[in-house]
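Down below is the structure, laid out as structure tokens.
On a predicted model such as this, the values are computed, not experimentally measured, just so you know. What you see below is based on every heavy atom in this structure, not just the backbone, and it leaves out hydrogens, waters and symmetry mates. In what follows, chains are A, B, ... by sequence order, proteins preceding strands, each numbered from 1.
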2 protein chains.
Amino acid sequence: MKQAITAKDVAKLAGVSQSSVSRVFFDGAKVSEKTRAKIMAAAEQLGYRPNEFARSLITNRTRIIGMVMKGVQNPFYPQVLKQFATAFKEEGYSILYVHTNNDEIEAEDVETLLNYNVAGVIITDAAMASTVEKQFEVNKIPVVFFNRKLNTDEFYSVCCNNVDAGRKIAEFLINKGATDMAYITGDEKTSTSRERQRGFQEILDQRKIAYRQFASDYTYNGGYQTAMQIIGKESLPAAFFVANDIMALGVLDALKNSGIKIPEDTKVIGFDNIDMASWPAYQLTTWEQPIEKMVETTVAYLLNEIAEYTGLAEVVEVDGSLIERFTT
Amino acid sequence: MKQAITAKDVAKLAGVSQSSVSRVFFDGAKVSEKTRAKIMAAAEQLGYRPNEFARSLITNRTRIIGMVMKGVQNPFYPQVLKQFATAFKEEGYSILYVHTNNDEIEAEDVETLLNYNVAGVIITDAAMASTVEKQFEVNKIPVVFFNRKLNTDEFYSVCCNNVDAGRKIAEFLINKGATDMAYITGDEKTSTSRERQRGFQEILDQRKIAYRQFASDYTYNGGYQTAMQIIGKESLPAAFFVANDIMALGVLDALKNSGIKIPEDTKVIGFDNIDMASWPAYQLTTWEQPIEKMVETTVAYLLNEIAEYTGLAEVVEVDGSLIERFTT
DNA sequence: CTGAAAGCGCTTACAG
DNA sequence: CTGAAAGCGCTTACAG
């Protein structure tokens with residue numbers, strides 16, 4: 001009842017074979033201009049669209065990209081999703097959105113991706129077990145970790161240059177005159193949090209500047225709570241480097257609520273440059289992640305791998321840049 | 001090369017027919033426990049998964065829900081996306097994410113949805129031309145407008161009870177002693193903005209309370225700019241009803257930046273109850289949209305229509321509730 | 001309960 | 001360049 005119009009119908013109306021209809025709608029096939037015109041006219045009249053499933057069944061490939069996301073509460077990710085959706089639409093690919101509730105991508109989600117035989121997979125903030133990895137590999141489905149690096153070097157991964165950003169941030173704060181500093185971590189299982197920390201601490205150690213670290217979780221509430229605990233118990237550091245913006249906003253609110261003046265009493269710098277960082281209420285100095293470049297890189301890689309699978313594993317690091325506002 | 005394992009392979013290993021393998025993996029088909037066990041064992045050993053495309057081709061239905069979104073910059077929508085993804089995953093459905101850049105859903109996006117023969121469509125903040133409507137109808141694809149109501153009554157639509165919420169908000173502010181009020185609109189093409197306004201103004205008119213209206217656009221920056229213009233030129237109203245939260249935050253920041261005390265000098269109430277509304281920096285009084293109930297209603301409707309298409313068009317309005325914080 | 005067979009709507013060698 | 005035909009991996013009447 002659904003999908004009433006098939007290539008056969010078009011063929012009949014146009015007075016040609018079904019194969020010719022197929023050729024018109026399949027890129028790369030040859031048809032004479034004359035038959036093409038006849039077929040296009042008939043197709044238009046009937047409202048024909050090729051059945052994507054029949055097509056996928058026979059070609060054994062799809063034009064679907066699996067997008068695995070977890071942290072939609074962080075505005076960074078909706079932004080990323082939007083950009084991927086837009087970029088892939090231009091290339092004729094659609095997005096299968098898979099929301100995972102776990103740190104690690106769930107078996108069920110992998111099933112979904114494999115069932116739909118996705119052309120490629122982008123994983124934004126989840127990890128992946130090595131058994132899962134094998135499944136994608138066996139099926140020659142390229143996978144990109146976006147904004148995450150795994151411990152193994154068996155994956156293609158697109159990140160901001162986090163270590164270097166940490167270094168630059170340290171130097172920036174030193175130049176601002178900060179003499180002791182605190183790093184508020186994100187989820188410590190993530191490469192992003194660890195690498196930002198590494199670069200940051202490296203410079204402070206070199207310059208013999210006091211370094212403290214407080215564990216948090218990449219959420220607004222986490223940042224708020226962590227800052228409150230510091231304010232209650234510890235001396236105030238001269239500057240905070242907070243592992244991402246949304247958490248930095250929490251830190252900022254906690255400090256302000258406690259009557260601490262920014263940037264006079266202490267300074268705060270975040271990471272990501274989400275929209276809110278530029279809001280008048282915050283005016284957060286931060287490190288901009290080059291989302292566009294990261295997305296471009298990811299799309300280019302996936303399209304290449306789709307065209308010819310190589311399984312290339314590599315970590316691509318794109319440079320971000322400091323955005324100075326009023327919290328430093 | 002991909003999708004190496006088919007039902008045939010499993011059948012061979014289990015010593016049964018391919019039809020029996022199919023029956024084991026197709027809900028509702030009957031197989032004896034004995035053959036089922038044999039087949040399951042073989043399937044597990046080989047890592048068999050039914051090919052979703054072959055399945056869809058023959059049954060002429062899919063387990064894909066098309067999700068059309070525009071405004072991912074408003075944190076309300078990522079929240080909605082997450083809840084839909086989670087709810088549909090439980091039902092065995094996947095989400096095809098379609099990002100539209102237009103107010104009206106684009107022809108290209110409709111093509112995508114039709115090509116994938118989606119089982120149902122959810123449209124969150126875009127409109128739809130009537131030609132498009134027909135296409136879904138002809139294909140018996142159920143469509144839900146989520147948080148939007150169209151001018152025509154030809155669609156199923158799930159909303160918060162916006163008119164009533166507007167009334168309640170007016171009464172609430174009157175009880176707080178506000179004697180003249182302003183409504184800051186969202187995008188005026190949307191039903192949500194107009195209906196919230198209607199209920200709000202209705203009560204003010206009844207009580208003969210001064211009402212002003214300022215056009216804005218549902219974004220943070222829009223709220224900020226609109227408030228700034230009011231502050232420059234107009235007398236300050238005793239209370240603002242701002243058509244959504246993200247814009248209310250902009251209004252709040254503009255007021256605060258201008259040295260206006262809240263809730264003493266003026267009051268502000270938003271709409272949605274996004275996470276940020278509860279942040280210490282804002283503590284925004286707002287109207288909570290019952291996302292969960294709205295999602296449940298939508299999912300239930302779609303599953304019904306998928307099971308048996310009726311094309312039922314109805315506007316379902318779910319009641320929200322006032323969340324009082326410190327801006328009123 | 002089970003198997004053989006038709007058929008879903010396409011793509012793609014293979015002839016002509 | 002074009003058509004007839006095989007086949008992708010399933011579901012589903014139809015017999016037995």
Side-chain angles (χ1 to χ4, degrees), chain A residues 1-40 42-43 46-64 92 111 114-117 119 139-140, chain B residues 1-40 42-43 46-64 92 111 114-117 119 139-140:
Chain A
M1 30 178 160
K2 291 188 187 181
Q3 180 75 32
I5 316 299
T6 73
K8 219 176 181 175
D9 301 323
V10 177
K12 194 181 290 177
L13 181 62
V16 297
S17 74
Q18 183 263 321
S19 336
S20 290
V21 175
S22 174
R23 287 189 183 101
V24 168
F25 286 89
F26 189 74
D27 289 344
K30 293 165 210 286
V31 215
S32 73
E33 266 319 308
K34 216 169 107 192
T35 41
R36 177 186 298 276
K38 272 195 299 186
I39 289 170
M40 284 308 282
L46 297 174
Y48 170 72
R49 272 164 300 102
N51 181 313
E52 205 58 49
F53 294 92
R55 189 171 259 188
S56 288
L57 182 58
I58 197 107
T59 59
N60 206 5
R61 20 157 94 238
T62 62
R63 299 176 78 77
I64 303 178
E111 288 275 289
L114 293 172
N115 284 350
Y116 283 105
N117 193 17
N139 291 285
K140 297 192 177 174
Chain B
M1 27 178 162
K2 290 190 191 184
Q3 180 77 28
I5 316 297
T6 72
K8 219 176 180 176
D9 301 322
V10 176
K12 194 182 290 175
L13 181 61
V16 296
S17 74
Q18 183 262 323
S19 335
S20 291
V21 175
S22 174
R23 287 188 183 101
V24 168
F25 286 90
F26 188 73
D27 291 344
K30 293 166 210 289
V31 217
S32 73
E33 267 318 308
K34 216 168 109 191
T35 40
R36 178 187 298 276
K38 273 196 298 190
I39 290 169
M40 285 307 282
L46 296 174
Y48 170 71
R49 271 165 301 103
N51 181 311
E52 204 58 50
F53 294 92
R55 190 171 258 188
S56 287
L57 181 58
I58 197 107
T59 59
N60 205 7
R61 26 176 56 260
T62 62
R63 299 177 77 78
I64 302 178
E111 288 274 290
L114 293 172
N115 284 350
Y116 283 106
N117 192 19
N139 291 284
K140 299 194 177 174

May I have the distance from [X] (atom [atom1]) to [N] (atom [atom2]), rounded to whole angstrom?
X	N	atom1	atom2	result
A:N51	C:dG7	CG	C1'	14 Å
B:Y116	C:dG9	OH	P	18 Å
B:R23	D:dC14	CZ	P	14 Å
A:N60	C:dT12	CG	P	11 Å
A:R55	C:dG9	CZ	C1'	11 Å
A:R61	D:dC8	CZ	C1'	14 Å
A:F53	D:dC8	CZ	C1'	15 Å
A:F25	C:dT12	CZ	C1'	18 Å

Checklist entry - Just wondering, do A:R63 and B:Y116 contact through their side chains at under 4.5 Å, heavy atoms? => result yes
Checklist entry - Would you say the side chain of B:R23 lies within less than 4.5 Å of the side chain of B:S19, judging by non-hydrogen atoms? => result yes
Is [X] touching bases, backbone alone, or none of the nucleic acid, heavy atoms closer than 4.0 Å?
X	value
A:E52	nothing
B:T35	sugar-phosphate
A:V31	sugar-phosphate
A:S19	base

Quick one: which of [options] gets closest to the side chain of [X]?
X	options	value
A:A7	C:dC10, C:dC1, C:dA5	C:dC10
B:T59	D:dT12, C:dC1, C:dG9	D:dT12
B:S17	C:dC8, C:dA4, D:dT2	C:dA4
B:F26	D:dC10, D:dT12, D:dT2	D:dT12
B:I58	D:dT11, D:dC8, D:dA13	D:dT11
A:S22	C:dA4, D:dC10, C:dC10	C:dC10

Item to check | Paired stretches of DNA chain D - 3 or more consecutive Watson-Crick or G-U pairs, each distance under 3.5 Å | outcome: C:1-3 with D:14-16, C:5-12 with D:5-12, C:14-16 with D:1-3
Can you tell me how far apart [atom1] ([X]) and [atom2] ([Y]) are? Round to the nearest 0.5 Å.
X	Y	atom1	atom2	result
A:Q18	A:T6	CD	OG1	7.5 Å
A:E33	A:T35	CD	OG1	8.0 Å
A:T62	A:E52	OG1	CD	8.5 Å

Next on the checklist: Determine whether a donor-acceptor pair (N or O, by modelled atom type, separation under 3.5 Å) exists between the side chain of B:S20 and the backbone of B:V16.
Outcome noted: no
Next on the checklist: Any side-chain to backbone donor/acceptor pair from B:S56 onto A:F53? Under 3.5 Å, distance only.
Outcome noted: no
Checklist entry - Between B:N117 and B:N60, does a side chain to side chain donor-acceptor pair (under 3.5 Å) hold up when you go through it step by step? => result CA-CA 8 Å; B:N117 192 19; B:N60 205 7; 3.3 Å; yes
Checklist entry - Any side-chain N or O of B:S20 less than 4.0 Å from the OP1 or OP2 oxygen of C:dT2? => result no
